[in-house]
S.K.: 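Can you keep this structure in mind? I'll have questions shortly.
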Number of protein chains: 2
Amino acid sequence: MEKVGEIWREGRRVGKEDPRRIVHAFKVGLALAFVSSFYYYQPLYDNFGVNAMWAVMTVVVVFEFSVGATLGKGINRAVATLVAGGLGVGAHHLASLSGPTIEPILLAIFVFVQAALSTFVRFFPRVKARYDYGILIFILTFSLISVSGFREDEILDLAHKRLSTVIIGGVSCVLISIFICPVWAGQDLPSLLASNFDTLSHFLQEFGEEYFEATDDGDVKEVEKRRRNLQRYKIVLNSKSNEEALANFAKWEPRHGQFRFRHPWKQYLAVAALLRQCAYRIDALNSYINSDFQIPTDVKKKLEEPLRRMSSESGKSMKEASISLKKMRKSSSYDIHVDHVLNSQSACKDLTTLLKSGILNDVEPLHMIALTTTVSLLIDIVNLTEKVSESVHELASAARFKNKKKSTVSSEKSDSVSTVRAMPIKSQDDHVVTILCDDDMSHTVDQSRGESSVDSCHHVAIEIDDDDSVHEKHEDGEIHEHTSCVSCGQTNASDVLDSDNKRTSYK
Amino acid sequence: MEKVGEIWREGRRVGKEDPRRIVHAFKVGLALAFVSSFYYYQPLYDNFGVNAMWAVMTVVVVFEFSVGATLGKGINRAVATLVAGGLGVGAHHLASLSGPTIEPILLAIFVFVQAALSTFVRFFPRVKARYDYGILIFILTFSLISVSGFREDEILDLAHKRLSTVIIGGVSCVLISIFICPVWAGQDLPSLLASNFDTLSHFLQEFGEEYFEATDDGDVKEVEKRRRNLQRYKIVLNSKSNEEALANFAKWEPRHGQFRFRHPWKQYLAVAALLRQCAYRIDALNSYINSDFQIPTDVKKKLEEPLRRMSSESGKSMKEASISLKKMRKSSSYDIHVDHVLNSQSACKDLTTLLKSGILNDVEPLHMIALTTTVSLLIDIVNLTEKVSESVHELASAARFKNKKKSTVSSEKSDSVSTVRAMPIKSQDDHVVTILCDDDMSHTVDQSRGESSVDSCHHVAIEIDDDDSVHEKHEDGEIHEHTSCVSCGQTNASDVLDSDNKRTSYK
């Protein structure tokens with residue numbers, strides 16, 4: 001009795017987690033009841049006979065949760081049945097030419113060879129990802145047709161009936177899954193991504209609170225609950241296989257809503273990969289919240305303001321990315337989003353200025369290591385956030401997200417180049433221009449780095465903060481729309497420290 | 001033509017990657033050719049008729065790469081067919097009592113209800129992990145039997161024949177997969193884990209080389225190749241789903257070699273989870289190798305010795321864990337392994353001593369952040385390595401790995417307590433005793449930390465390094481075999497910094 005109660009509770013939980021599961025269960029029931037009617041109604045039965053069972057079988061194995069998965073399996077099954085049916089008939093014909101003694105031997109060899117070959121092909125990664133089920137059905141149908149053909153003379157008739165029932169079963173699945181409360185993998189993928197963004201955003205926005213608050217204030221249960229909520233980021237660490245499956249299913253789906261047939265699903269995976277990198281850093285950061293070794297509060301407080309700002313602004317930027325993904329909107333939210341990125345970057349710079357001022361000189365080395373690691377991981381995260389937001393922007397362009405406002409790029413030079421301030425200066429019409437130094441310049445910097453300069457890159461960084469004269473060198477810099485090295489994949493704290501070399505300005 | 005060449009190359013690559021794939025393909029071919037013989041030979045065909053095709057179908061869908069997966073699917077299929085067959089016959093009987101008009105309606109309702117319910121149950125996580133295929137077959141068989149029974153009178157005979165052919169097909173799969181070059185998931189899981197250990201070990205052992213060598217020396221191709229080799233750790237980041245699948249399959253496998261039926265598969269997953277945490281830190285660390293922002297070599301050199309030692313010793317300890325997993329051996333390698341852990345911990349301590357001596361006082365803050373983060377991440381990794389090795393040790397006990405030598409624990413007190421040296425003092429008979437401070441003591445430390453102590457925990461750490469008198473307090477400490485907080489899951493650099501509170505000594 002207790003067991004039943006447990007199952008009931010588990011069922012309610014599973015249903016609550018995603019109510020579409022209940023609907024899906026009904027849809028499967030409906031599809032099955034429909035194809036079973038082939039057996040009940042004499043005219044249909046007379047036509048298909050026992051082969052009607054193939055329709056039932058097709059429904060059971062093809063009907064999946066999302067439209068994409070169902071369509072993928074359905075198409076795989078139909079095509080594989082057709083091709084294998086054809087080849088099976090051919091093999092049967094070939095074998096029958098050889099006389100009754102050799103025929104079974106020849107057929108056995110055919111079955112063996114095609115099964116071995118096809119099984120091996122299933123290991124090819126690209127085949128496994130999209131056509132695994134098709135190959136399985138190919139092996140099955142070929143074996144059944146070529147062998148059972150040995151007994152039945154009306155083999156063509158059999159192949160034809162089997163194919164028609166498979167198609168009837170498949171088509172009913174596809175129609176029911178598309179027209180009754182459809183579940184689109186193409187919508188689930190952005191939702192999953194958005195919810196991952198939300199989770200990380202939540203962590204980053206709460207991080208300051210957790211890190212700087214004394215742990216023993218307030219309700220223990222409340223603290224526990226907050227911590228548990230923070231731990232949700234862990235789901236992002238292992239989301240890869242889910243995302244890849246959804247992207248694979250989405251590729252099978254027809255146009256629906258804003259999703260075209262050739263929607264840039266790969267770009268979603270690229271965003272997801274960057275986001276996962278972020279989650280790895282957050283995993284490291286998280287260990288500093290729960291650490292037994294606590295840095296004294298007054299040491300922490302020294303860097304509280306920029307650290308809090310960095311994490312909360314990165315969090316907000318992720319929130320914006322999540323909204324942009326959910327609503328499939330580009331421009332306006334992207335600008336806000338860039339603002340958050342820039343805010344967190346300016347907080348980074350405040351922080352490095354603070355550190356340069358020697359604020360930590362009197363701090364014990366052990367505390368300093370722990371504190372600077374937190375700093376460094378947060379800088380990493382800020383930097384990754386920038387890359388993520390770039391990647392989302394690329395996705396928005398590739399996927400033709402709706403523009404809310406048209407963005408114009410003003411392209412003035414020298415005058416518009418100014419230092420980065422603590423808060424970015426927003427222009428009245430909300431547009432952002434980023435100026436990167438030209439290739440020659442960055443080349444020079446690289447060279448100096450590679451050879452003698454112990455301090456050169458640091459000097460550059462400092463000069464930029466305190467001294468406008470260095471910008472003279474950058475005046476001939478090209479003007480780009482905000483693009484940075486998304487392609488390089490790797491990132492770290494030093495990149496942001498280093499990014500002082502690149503000039504960012506606001507008009 | 002080019003396409004064919006490409007497929008050929010891909011095939012060779014797939015085959016080379018794991019030659020057992022080729023063997024598997026042959027085994028499937030063999031099994032299929034065998035069950036097809038049911039059609040060729042008159043006596044067998046007379047017995048089973050068209051139902052022989054269920055044997056073919058079973059082979060195609062049940063035969064999987066590993067014994068565990070095949071057995072799991074086979075048992076699922078057999079049990080589901082049996083239960084669904086029984087229920088199907090019952091449903092058919094019940095419906096036939098109601099007269100010819102209501103019968104089809106009642107049958108349709110039965111099919112609908114069971115399909116909807118079973119489909120919903122497939123969403124239960126625990127069911128999905130182990131019995132998903134069984135439920136699918138349940139739906140299929142119930143529908144086919146209850147409905148097709150509507151036409152055939154010899155429904156019991158049908159159910160019986162279907163069950164026997166399914167069992168014949170399943171048993172041939174299982175026998176072939178067990179007796180011809182078996183692939184045990186239970187062996188693959190430790191191998192996968194060991195290879196993950198190797199990959200991380202390789203990274204850690206090469207890290208010093210990569211981090212401290214100037215990048216522009218030597219052959220560019222050579223450097224490229226080395227970097228690519230280092231990148232292999234990325235495979236560990238996403239190994240979770242693989243490991244879980246293997247553990248699930250392994251649960252179905254009978255006793256083989258040293259693997260008992262109730263082998264502690266969960267413990268393997270626990271080790272894997274810790275190892276993945278390590279890989280997340282390594283991902284962060286890796287970004288510092290490839291960073292554009294290079295810390296001047298002379299700054300790096302200041303900490304070269306302990307950093308190199310920490311990473312290479314952790315690497316060696318992972319290598320030992322890998323060997324222990326591969327050979328399923330416990331004691332001797334575990335001791336070496338613990339030595340490596342202790343070596344790396346002592347390197348940690350040298351490092352903190354170095355840092356406390358103010359060696360970085362004249363370093364620019366930006367360089368210092370980058371450098372201390374590397375330090376901190378390495379300390380994290382050392383700490384995780386210790387947890388991983390503890391976890392492997394627990395696994396070795398639970399899985400009853402062979403002992404090479406018997407380990408004795410000597411339990412002397414006070415005298416054996418000494419400070420941790422740069423190199424651990426190995427006793428002649430290679431045994432390690434670890435002494436943790438007792439609960440009261442650690443409680444005191446915790447309290448002092450929670451309240452006023454800004455410097456107290458730091459003092460403790462310092463005192464332990466420079467002053468033996470503090471150990472007087474620990475003299476009444478309990479003596480344990482080397483166990484630390486593996487259970488807490490989280491770890492960070494500060495734990496090691498903090499672990500000065502726990503006394504480690506060697507007899």
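Just so it is clear: chains get the letters A, B, ... in the order the sequence lines come, proteins before strands, and each one is counted from 1.
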S.K.: Which residue out of P125(B), A31(B), S118(B) racks up the most heavy-atom pairs below 4.5 Å with chain A?
M.R.: P125(B)

S.K.: With rounding to the nearest 0.5 angstrom, report the CZ to OG1 distance, F63(A) to T119(B).
M.R.: 9.0 Å

S.K.: Of the listed residues (T374(A), V121(A), N238(A)), which shares the most heavy-atom pairs with chain B below a 4.5 Å separation?
M.R.: N238(A)

S.K.: In terms of heavy-atom pairs under 4.5 Å, which option from I109(A), I22(A), L237(A) contacts chain B the most?
M.R.: L237(A)

S.K.: Are the side chains of M53(B) and S143(A) in touch, meaning some heavy atoms are under 4.5 Å apart?
M.R.: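 Counting from C-beta outward, M53(B) and S143(A) never come under 4.5 Å.
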
S.K.: My understanding is that only residues two or more places apart in sequence, or in another chain, count here; which of them pass side chain to side chain contact (heavy atoms under 4.5 Å, CB included) with F112(A)?
M.R.: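 Applying side chain to side chain contact (heavy atoms under 4.5 Å, CB included) to F112(A) gives F26(B), L30(B), A33(B).
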
S.K.: Is there a side-chain contact (heavy atoms from CB on, under 4.5 Å) between I135(B) and K128(B)? Walk through the geometry before answering.
M.R.: CA-CA 9 Å; I135(B) 307 273; K128(B) 193 163 194 71; over 6 Å; no

S.K.: Look at L136(B), V28(B), L140(B), V35(B) and state which one has the largest set of heavy-atom pairs under 4.5 Å with chain A.
M.R.: L140(B)

S.K.: Side chain from CB out, backbone as N, CA, C, O: work out which of these in S241(A) comes under 4.5 Å of a heavy atom of chain B, or both, or neither.
M.R.: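 Answer is side chain: those atoms of S241(A) sit under 4.5 Å from chain B.
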
S.K.: Let's test your reading of the structure: which of Y280(B), F110(B), F34(B), F124(B) forms the most heavy-atom pairs below 4.5 Å with chain A?
M.R.: Y280(B)

S.K.: Let's test your reading of the structure: which of L117(B), I7(B), L32(B) forms the most heavy-atom pairs below 4.5 Å with chain A?
M.R.: L32(B)

S.K.: Between F65(A) and chain B, which part of the residue has a heavy atom less than 4.5 Å away: side chain, backbone, both or neither?
M.R.: side chain

S.K.: Could you tell me which of G11(A), A108(A), S36(A) has the largest number of non-hydrogen atom pairs under 4.5 Å with chain B?
M.R.: G11(A)

S.K.: Is the backbone of V14(B) close enough, under 3.5 Å, to the side chain of R21(B) for a donor and an acceptor to pair up by distance?
M.R.: yes

S.K.: Could you give all pairs that pass the salt bridge (charged side-chain N to carboxylate O under 4.0 Å, His left out) test and reach residues 110-119 of chain A, with sequence neighbours left out?
M.R.: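 Counting only pairs at least two positions apart or across chains, no salt bridge (charged side-chain N to carboxylate O under 4.0 Å, His left out) contact touches residues 110-119 of chain A.
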
S.K.: Salt bridge between E243(A) and K240(A), side-chain N to carboxylate O under 4.0 Å?
M.R.: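 No salt bridge links E243(A) with K240(A).
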
